[in-house]
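Structure record follows, encoded as C-alpha cells.
For the numbers below, each heavy atom of this structure counts, side chains included, while hydrogens, waters and symmetry mates do not.
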Amino acid sequence: MLLVLLLTSCAPSVTDRAAQPTPLLTDALPTPRLEGIAAERREVRFASGDVELAGELDLPMGSGPHPLVFIIHHSGPVPRDAYGYLAEILLRAGYAVFRFDKRGTGASGGVYGCCERDDALAAYRAAVAQAGIDRCRVFIVAQSIGTQHLAAQYQAYLQVQRPRGVALLSNLLRADDIVRIAAPIIIIVADSEPDLNAIGPEAAAAHNARFPASATLYVADGAEHTLFDIRDGPIDWTDPAWVDRYHRGAMQALVQQLDAWSAVRVSGSC
C-alpha cells in the first residue's frame, strides 16, 4: 500500500592530510545547539582508503543502547555541521546521530573531490561499531546525491549492518534504482521538484511492487529541494538563520516514521 502525505498549510594519499580543507565560501554553518539534549558528543576518527576522516556520534539523554541514525550527506564540500539542525531534532526524539566531515572539510584529511561513496560507507562502518548504540535499530538517512550513493553500494551496507529502515530525503532515485534498497523506506521530497512524479509516486510504487507495503511517500508543500521552507521567501544560505527554516512537516514525518520502525519487534538476529 502506498501512503502519500501532503502538507497543505581518485584517492589522495595520507600525506594530503596536510592540505588545507576546502572552505565553504557561501554557506553559513552555525554550531549545533546540543547542550542539554546530548548526553555525549564523541569524536570518531576512521580510515577511508589511506585517508583519515572525522565524524561525531551524538548520544541522547537517558539510558542506552540508543537507536542510531546515520546521515549520508547531500552534494558539495560539507562538514558535519551542515546537519547540526537534524542532530538537534533527532536527539530530542531519543536517537543517537552520526555525522561526519567529508574529506577535505572540517577535521577530515584528504582533498575534497573524490571517493564520496567509499567515504560514506567507511563512515557507516565506524558508526555501527560505536558503543552505546542499538545495532538492531540502525536507520540510514540519505539526502539528495546521498540517495544515489546509498543505492549504488547498498549490498556493501548490508554486509556491515542491515538497517531497520531508510529515509530518502530529497530523493533522486527513480523506479529502476530505488529497488536496490531492500529495506522499508520513506521518501520525503519537495513539491517544487521538476521531476516530482518520477522521484516521488512512481519511485514509491516501484518499491512497493518489489517489496509489498514497504514505501511511504511524503510531499512537502512549499519546500525547496533540500526540504527548507520557502513559503516566506527564498533561503539565504549565508544567513545562519537558515537552520531554523527546515520544513516542519517533513521533519515530523521523518521522526514519526523512525518511531514506527523503531517500535517494531524483530525476532532473531538483526
Side-chain angles (χ1 to χ4, degrees), residues 3-7 27 32 67-76 78-91 93 95 97-100 102 116-117 120 123-124 127 138-154 157 163-174 177-178 180-181 183-196 198-204 207 214-230 235 237 242-262:
L3 175 63
V4 180
L5 302 175
L6 294 172
L7 181 67
D27 293 4
L68 171 70
V69 174
F70 172 77
I71 300 173
I72 304 178
H73 299 290
H74 60 78
S75 62
V78 290
R80 71 189 81 172
D81 281 353
Y83 287 93
Y85 75 95
L86 190 51
E88 293 178 30
I89 294 168
L90 295 171
L91 281 167
Y95 292 88
V97 182
F98 192 92
R99 303 168 286 136
F100 66 99
K102 287 190 180 185
E116 292 203 18
R117 290 180 179 177
Y124 185 66
V138 171
F139 307 99
I140 297 175
V141 172
Q143 184 162 41
S144 193
I145 200 171
T147 66
Q148 295 178 330
H149 294 336
L150 176 62
Q153 298 209 80
Y154 188 70
Y157 281 83
R164 179 78 71 88
V166 171
L168 303 172
L169 309 185
S170 317
N171 177 48
L172 294 181
L173 301 175
R174 296 169 182 257
D177 290 325
I178 202 165
R180 297 181 183 180
I181 300 177
I185 64 171
I186 181 170
I187 301 168
I188 303 180
V189 289
D191 66 339
S192 60
E193 293 284 4
D195 298 322
L196 177 59
I199 61 176
E202 289 180 4
H207 200 274
S214 60
T216 298
L217 171 66
Y218 182 93
V219 179
D221 182 60
E224 53 76 61
H225 173 67
T226 53
L227 301 172
F228 284 83
D229 199 317
I230 54 174
I235 306 294
W237 301 108
W242 68 260
V243 294
D244 295 318
R245 291 183 60 182
Y246 61 84
H247 195 283
R248 264 59 181 177
M251 295 302 103
Q252 182 180 37
L254 171 62
V255 172
Q256 287 178 343
Q257 184 62 79
L258 292 172
D259 288 347
W261 286 331
S262 189

Say whether, by atom type as modelled, one donor and one acceptor occur between the side chain of [X] and the main chain of [Y] under 3.5 angstrom.
X: Asp191; Y: Gly222; value: yes
X: Arg164; Y: Val138; value: no
X: Arg80; Y: Phe100; value: no
X: Ser170; Y: Val189; value: no
X: Arg245; Y: Phe228; value: no
X: Asn171; Y: Ile199; value: yes
X: Gln257; Y: Ala260; value: no
X: Thr147; Y: Ala142; value: no

Heavy-atom distance under 4.5 Å between the side chains of [X] and [Y], does that happen here?
X: Pro201; Y: Leu217; result: yes
X: Leu91; Y: Tyr95; result: no
X: Val219; Y: Asp221; result: no
X: Phe98; Y: Leu68; result: yes
X: Pro32; Y: Asp81; result: yes
X: Val69; Y: Leu258; result: yes

- Regarding His225 and Ser144, is there a side-chain donor-to-acceptor distance under 3.5 Å anywhere?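 Per modelled atom types, His225 and Ser144 side chains form a pair under 3.5 Å.
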- Message: Do Tyr83 and Gln143 pair up side chain to side chain, a donor and an acceptor below 3.5 Å, judged on atom types alone?
- Response: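 There is such a pair between these side chains.
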Report the distance from atom [atom1] of [X] to atom [atom2] of [Y], rounding to the nearest 0.5 Å.
X: Arg99; Y: Ile72; atom1: CZ; atom2: CD1; answer: 15.5 Å
X: Ile186; Y: Leu169; atom1: CD1; atom2: CG; answer: 8.5 Å
X: Leu150; Y: Leu173; atom1: CG; atom2: CG; answer: 8.0 Å
X: Asp244; Y: Tyr85; atom1: CG; atom2: OH; answer: 12.0 Å
X: Leu172; Y: Ile145; atom1: CG; atom2: CD1; answer: 7.5 Å
X: Ile140; Y: Ile185; atom1: CD1; atom2: CD1; answer: 12.5 Å

- Task: Please report the C-alpha distance between His247 and Tyr218 in whole Å, then the side-chain angles of each, then the deciding distance to 0.1 Å, and finally whether the side chain to side chain contact (heavy atoms under 4.5 Å, CB included) criterion is met.
- Result: CA-CA 12 Å; His247 195 283; Tyr218 182 93; 4.0 Å; yes
- Heavy-atom closest pair, residues Ala223 and Leu227: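 Closest approach of Ala223 to Leu227: CB-CA, 4.2 Å.
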- Item | Passing candidate, side-chain contact (heavy atoms from CB on, under 4.5 Å) with Pro163, options Trp261, Tyr124, Tyr157 |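 Exactly one option meets the side-chain contact (heavy atoms from CB on, under 4.5 Å) with Pro163, and it is Tyr124.
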- Task: Among Val141, Ile188, Ile178, find the one that has a side-chain contact (heavy atoms from CB on, under 4.5 Å) with Leu168.
- Result: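 The option that passes is Ile178.
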- Kindly determine whether Ile89 and Val255 satisfy side chain to side chain contact (heavy atoms under 4.5 Å, CB included), including the steps that lead there. CA-CA 8 Å; Ile89 294 168; Val255 172; 3.9 Å; yes
Please identify each residue that fulfils salt bridge (charged side-chain N to carboxylate O under 4.0 Å, His left out) with [X], with sequence neighbours left out.
X: Glu116; value: Lys102
X: Asp195; value: Arg174
X: Asp177; value: Arg180

- Message: Apply ring-ring contact (aromatic ring centres under 6.0 Å, His included) to residues Phe70 and Phe139 and explain how you reach the verdict.
- Response: CA-CA 6 Å; Phe70 172 77; Phe139 307 99; over 10 Å; no
- Item | Audit row: Ile235, Thr226, side chain to side chain contact (heavy atoms under 4.5 Å, CB included) steps and yes/no | CA-CA 11 Å; Ile235 306 294; Thr226 53; over 6 Å; no
- Task: Walk me through it: do Ile71 and Leu86 pass the test side chain to side chain contact (heavy atoms under 4.5 Å, CB included)?
- Result: CA-CA 9 Å; Ile71 300 173; Leu86 190 51; 3.8 Å; yes
